[in-house]
Amino acid sequence: MRVLVVGGAGYVGSHTVRLLNSLNHDVWVYDNLSRGHVESVPRERFIQGNLTDRSLLMQVMLDKEIEAVMHFAAFALVGESVQHPAMYYQNNVTATFELLEAMRSVGVWRFVFSSTTATYGQPDKMPIREDTPQNPINPYGFTKLVVERALRDYATAYGFGVAALRYFNASGASADGSIGEDHDPESHLIPIVLQVALGQRDAIQVFGNDYPTEDGTCVRDYIHVEDLATAHLAALEKLKPGSVLEMNLGTGVGHSVLQVIEACRKVTAHPIPAIFADRRPGDPACLIADSSLAQKTLGWTPKYVAIDSIVETAWNWHKTHPRGYATK
Ligand code: UDP
């Protein structure tokens, strides 16, 4: 299929581009490089542009005879969204509508959307199913929920076929260590813990140890980035005009911050000092996925479930690229 991957030079996008390429799809990456890395995607398939540039998007879709769009170009940091909500609503909502309208103008109807567990807020019951009420507790979650709701309407009114994939915590790196996670500044748990192992930081700060969880630290469901890529492809292949797929992507297993740090100690053989710090605003205590819908609908199962195996791929990437893509 001819696929435009918007935000394809980002973390999850680049791993998905790689999978699509390996299966001989005709893939084009559209990214403004505000957070992505051109080194993570094939140069000859890269187009630099903004989401807000509707005419360029239309031109690219027409020129390349695009049949489907995957949309990864969003800001995705809970803490940042609390501090800078305007930036989040502008980029994740307003700019996304430019993309949807560009698609509508040129008749592209297949759309795979990166949604998030943050749309659920903090539900009472774990694991989280798709029918769990979506009550976001931070601006990031709201921005994604707004688009999810709009996609239902675009499917009904305009015949879009949409998939909203609600990721839990994307983590790890490609199995061969050639691409991986590189944010600046880094805010995600696993890369930061591994920066301590690399000697780039003195200690990991644990944000809150008074949560109502077993060890008092936040629990998350860490899902490998290559498993997310596989799910995107499976969802793409299921799209039909007017159809709506909304599903969770996680492993169904939760790990606390302390457990993740322990896994990193084991994998890296480094003591990794940890310091307890205040809670980070906007963080729910516990998020674990029930992904049985994706398993049933897409025939998808995550390959990586053990946290050690996820951390191993991340460590392989970080130790060979201690400054991320800048070392290349
Ligand atoms: N976290 C932490 N110290 C850090 C970074 C993250 O304790 O330096 C915690 C954070 O509060 C959350 C978990 O690790 O409970 C995962 O955070 P991350 O930013 O990786 O992903 P999020 O869950 O926000 O999408």
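Note that ligands are numbered from 1 as they come in the structure, with each ligand's atoms numbered from 1 the same way.
In the vicinity of V206, heavy-atom distances shorter than 4.0 Å reach the ligand 1 atoms 7 (O). Residue-ligand proximity, I192 to ligand 1, at heavy-atom distances under 4.0 Å covers atoms 8 (O). In summary, the atoms of ligand 1 found under 4.0 Å from a heavy atom of C218, numbered by their order in the structure, are 15 (O). When each atom of ligand 1 is checked for a heavy atom of D283 under 4.0 Å away, the hits are 10 (C), 11 (O), 12 (C), 15 (O). Interface atoms of ligand 1 facing Y222, defined by a heavy-atom separation under 4.0 Å, are 13 (C), 16 (C). Near H188, meaning under 4.0 Å from one of its heavy atoms, ligand 1 places the atoms 18 (P), 19 (O), 20 (O), 21 (O). Proximity to S187 (heavy-atom distance under 4.0 Å) selects the following atoms of ligand 1: 5 (C), 19 (O).
Between the side chains of R18 and S178, at least one donor N or O sits under 3.5 Å from an acceptor N or O.
Between W317 and H321, the ring planes are parallel. Angles under 30° get that label, and only those over 60° would be called perpendicular.
Contact annotation for L287 and ligand 1: no heavy atom of the residue comes within less than 4.0 Å of the ligand.
The pair D26-R45 meets the salt-bridge criterion, with a side-chain N (NZ, NE, NH1 or NH2) lying under 4.0 Å from an Asp/Glu carboxylate O. Checked for salt-bridge contact, D290 and K125 miss the test: no charged N lies under 4.0 Å from a carboxylate O.
The shortest distance between side-chain heavy atoms of P123 and M126 falls below 4.5 Å.
Of the polar atoms of L189, at least one N or O is found under 3.5 Å from an N or O of ligand 1, judged by distance alone. Not one N or O of I190 is nearer than 3.5 Å to an N or O of ligand 1, by distance alone. Of the N or O atoms in N169, one or more lie within a sub-3.5 Å distance of an N or O in ligand 1.
Within the set Q205, R280, R220, H255, the minimum heavy-atom distance to atom 18 (P) of ligand 1 is found for R280.
A distance below 6.0 Å separates the ring centres of F72 and H232. Between Y89 and H84, the gap from one ring centroid to the other reaches at least 6.0 Å.
Ranking protein heavy atoms by distance to atom 9 (C) of ligand 1, first place goes to V257 CG2, 3.8 Å. Nearest protein neighbour of atom 4 (C) of ligand 1, counting heavy atoms only, is F207 CE1, 3.3 Å.
The side-chain hydrogen bond (donor to acceptor under 3.5 Å, both in side chains) search around D210 returns R279, not counting sequence neighbours.
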Exercise for the section: Begin with the C-alpha distance, continue with both residues' side-chain angles, and end with the deciding distance and a verdict on salt bridge (Lys or Arg N to Asp or Glu O under 4.0 Å) for E148 and R166. Expected result: CA-CA 10 Å; E148 275 200 15; R166 299 177 188 148; 2.7 Å; yes

